[in-house]
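Here is the structure we will look at, set down as structure tokens.
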There are 2 protein chains.
Amino acid sequence: MASSDGAPAPAKARLRDVAQEAGVSLSTASKALNDKAEVSPTTRARVREAAERLGFVPNALVHSILAGRSGTVGLITNDLEGRFSLPILRGAEDAFGAGQMSVFLCNGREDAIREQYHLRALLSRRVDGIIVVGSRTNPRPSIARRVSVPVVYAYAPSHDDADVSVVVDNVRAGEIAAEHLVATGRTRIAHITGDATYTAATDRAAGARAALADAGLDFVGPVRYGSWSEAWGRGATAAVLDAPQPVDAILCGSDQIARGALDVLHERAVRVPHDIAVASFDNWEPMIAGTRPSLTSVDMQFDAIGRRAAHLLFAALDGKATPGVERVTPRLVVRGSTVPQA
Amino acid sequence: MASSDGAPAPAKARLRDVAQEAGVSLSTASKALNDKAEVSPTTRARVREAAERLGFVPNALVHSILAGRSGTVGLITNDLEGRFSLPILRGAEDAFGAGQMSVFLCNGREDAIREQYHLRALLSRRVDGIIVVGSRTNPRPSIARRVSVPVVYAYAPSHDDADVSVVVDNVRAGEIAAEHLVATGRTRIAHITGDATYTAATDRAAGARAALADAGLDFVGPVRYGSWSEAWGRGATAAVLDAPQPVDAILCGSDQIARGALDVLHERAVRVPHDIAVASFDNWEPMIAGTRPSLTSVDMQFDAIGRRAAHLLFAALDGKATPGVERVTPRLVVRGSTVPQA
DNA sequence: CTGTTAGCGCATTCAC
DNA sequence: GTGAATGCGCTAACAG
């Protein structure tokens with residue numbers, strides 16, 4: 001098992017054993033370990049020591065039954081790679097306070113049956129609440145009508161307005177990106193983005209367009225919807241460059257699309273950002289890290305989503321549910337693809 | 001909360017409530033729901049129906065206490081992005097059988113204190129076992145000497161030979177990659193890889209060198225250790241091309257390094273794979289997806305590691321622990337960077 | 001200050 | 001067939 005030395009058999013010690021070892025009664029031992037009531041310091045010390053010696057770890061299962069709260073939450077994800085889930089989990093862990101709340105992570109894999117299966121297991125384990133993380137930003141079906149614990153939807157909102165959801169404000173993301181391009185003097189901006197069936201694509205485009213309108217501008221050419229791939233970034237960028245109207249900036253729907261764009265610009269000896277600036281969305285570190293120049297990108301603040309989801313779950317536990325969709329504001333990270341760097 | 005319709009208050013139903021609703025005693029209800037002993041079909045049906053109506057979900061906490069096994073395992077990860085953890089979790093979920101076993105995922109964040117904290121929480125929740133996922137392949141300290149449940153180390157092995165570990169066979173990975181290059185007719189192979197303090201770098205290099213030796217070959221030039229970045233891939237590739245000895249293949253320590261290499265080769269109008277073949281390690285989909293040509297890479301089989309870890313944990317639960325390090329064989333994925341594609 | 005008792009929700013003996 | 005009784009590990013009221 002765990003130890004190589006012939007350590008004392010790691011049989012789980014019970015409070016009873018501790019009490020016996022310390023020569024006190026069950027309840028005294030309990031009080032001593034829980035800093036309860038009046039227990040003489042000597043006794044307390046003796047109990048503590050006994051517990052230490054026996055490697056006593058209180059049984060949280062029992063405590064959960066007694067308290068009616070388990071101190072656990074379920075996180076149901078549908079995101080295979082963990083691209084969103086892990087950062088969100090991190091944020092949630094932070095908000096919960098490490099060790100206070102433990103998280104059951106289960107992967108629904110986009111399969112409703114599987115999700116139901118996991119849901120049942122979570123309820124059976126008496127989680128205090130559930131966070132559902134979607135795989136895309138589109139609204140998703142509510143998890144179940146009769147769930148006995150609060151549910152918070154993260155990243156992908158629930159279809160049902162009565163549910164509690166936290167999402168990235170993609171419209172705002174679009175605005176932020178466009179405002180930045182305008183602020184750095186760009187006026188002829190093309191937009192290449194992903195699949196139009198993703199609200200992430202349409203929302204960002206709408207936000208950007210609105211921000212441009214505020215500056216008396218509009219996109220040059222149509223919004224070029226395609227796929228979230230580098231290949232599409234390359235293809236669409238070539239089309240943009242070959243179009244009659246010149247551009248001085250390309251806003252890309254994702255870092256991967258932007259990589260494709262940079263590739264083609266480099267190939268055609270277009271200087272970035274001097275001739276054409278490039279900005280994108282996601283700020284996905286591994287994608288960003290290697291680009292030349294480094295990529296200005298709008299960060300989606302997954303950690304913040306996780307933290308807010310945890311907070312909203314807490315609030316719901318206290319009966320203070322806040323139905324509706326909360327939007328987290330993304331954050332622009334400026335790098336060399338829009339502003340020349342030292 | 002969860003439901004928008006005025007669904008019946010989702011107060012958790014207890015077995016007692018079901019029994020009452022069905023007009024039977026507690027134990028009869030229990031037997032009926034657990035397909036136990038002799039209960040008249042009519043009674044059983046009546047109980048079932050009552051349970052359904054009340055949305056009864058058995059309390060697994062109680063069952064865990066009674067059975068002495070909780071049906072949960074802890075997964076302690078140190079991998080911030082979930083790059084390894086999530087695929088490993090997936091594999092483990094598969095091996096456990098969805099819903100049978102629930103997984104507590106906690107993030108140690110490379111912080112021993114934090115890890116201990118989580119460990120304590122897991123033990124308190126009476127997990128049946130623990131899987132520890134490292135952030136790099138280097139051996140890591142054993143989690144604790146006196147842990148009362150089996151522990152399996154995944155990805156990064158434990159320092160302690162008495163522990164149970166499952167890792168990728170990086171030496172084999174190196175061999176596989178080199179064998180492939182040799183099999184496709186390459187004889188002058190350079191190797192660019194990451195930080196030499198990572199065993200992943202040194203093991204792969206050693207494996208590749210051994211395979212080359214079997215073919216009467218050796219690397220052209222020194223193994224170029226650096227960092228796991230595209231920038232290093234670019235820099236080192238330039239150095240390789242500028243060196244006096246010509247090469248016909250570059251083996252890269254990671255997909256990111258390979259991206260950097262492809263970049264420079266493309267820039268210098270070197271044809272891949274015609275003039276120089278490129279192969280790498282990790283087979284990380286998002287990194288691979290956009291390259292031109294697509295990248296031949298050795299897949300690290302994280303799912304398999306997760307599955308094996310789960311199996312080993314099961315075995316240990318049955319008292320059949322298998323101390324030592326088990327190595328999972330990686331798998332070559334051939335693409336256009338080594339073999340011209342249709 | 002310390003010990004005794006009841007009971008959390010359920011499965012599992014046993015009697016009836 | 002069915003139901004009342006014991007107990008899992010622990011804490012919260014009570015007594016002493």
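In this text the structure is predicted, and so the values were computed from the model without any measurement.
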Query - B/N34, CG atom: more than 12 neighbouring heavy atoms under 6.0 Å - result: yes

Report task. With a 4.0 angstrom cut-off to heavy atoms of chain A, pull out the first and last contacting nucleotide of DNA chain C, in 5'-to-3' order. Result -> C/dC1 to C/dC8

**Report entry** Positive for side chain to side chain contact (heavy atoms under 4.5 Å, CB included) with B/L105, one of B/I76, B/V73, B/T77
**Finding:** B/T77

Query raised in the report: Among B/S165, B/S142, B/S158, which one satisfies side-chain hydrogen bond (donor to acceptor under 3.5 Å, both in side chains) with B/Y153?
Result: B/S142

Query - Residue pairs, two or more places apart or on separate chains, that pass side-chain hydrogen bond (donor to acceptor under 3.5 Å, both in side chains) and touch residues 314-325 of chain B - result: none

**Report entry** Within 6.0 angstrom of B/D111 CG, more than 12 heavy atoms from elsewhere
**Finding:** yes

**Report entry** All ring pair (Phe, Tyr, Trp, His ring centres under 6.0 Å) counterparts of A/F302, not counting sequence neighbours
**Finding:** A/F84, A/Y155

Report summary line: Rounded to the nearest 0.5 Å, the CG atom of A/L312 sits from the CZ atom of A/R308 at a distance of 5.0 Å

Report summary line: Given protein heavy atoms under 4.0 Å, the one-letter contact record of nucleotides 9-16 of chain D, with B base, S sugar-phosphate only and - none, is simply BBSB----

Requested in this report: Name all pairs fulfilling the salt bridge (Lys or Arg N to Asp or Glu O under 4.0 Å) condition that reach into residues 17-31 of chain B, sequence neighbours left out, sorted by first residue then second.
Outcome: B/R14-B/D17, B/E21-B/R53

**Report entry** Terminal axes of the helix from C/dC1-D/dG16 to C/dC16-D/dG1 (five pairs each): angle between them, nearest 10 degrees
**Finding:** 50°

Query raised in the report: Taking the side chain from A/T72 and the backbone from A/S102, do they hold a donor-acceptor pair closer than 3.5 Å?
Result: no

Report task. Salt-bridge test for B/R109 and A/D94: reply yes if a basic N is under 4.0 Å from a carboxylate O, no otherwise. Result -> yes

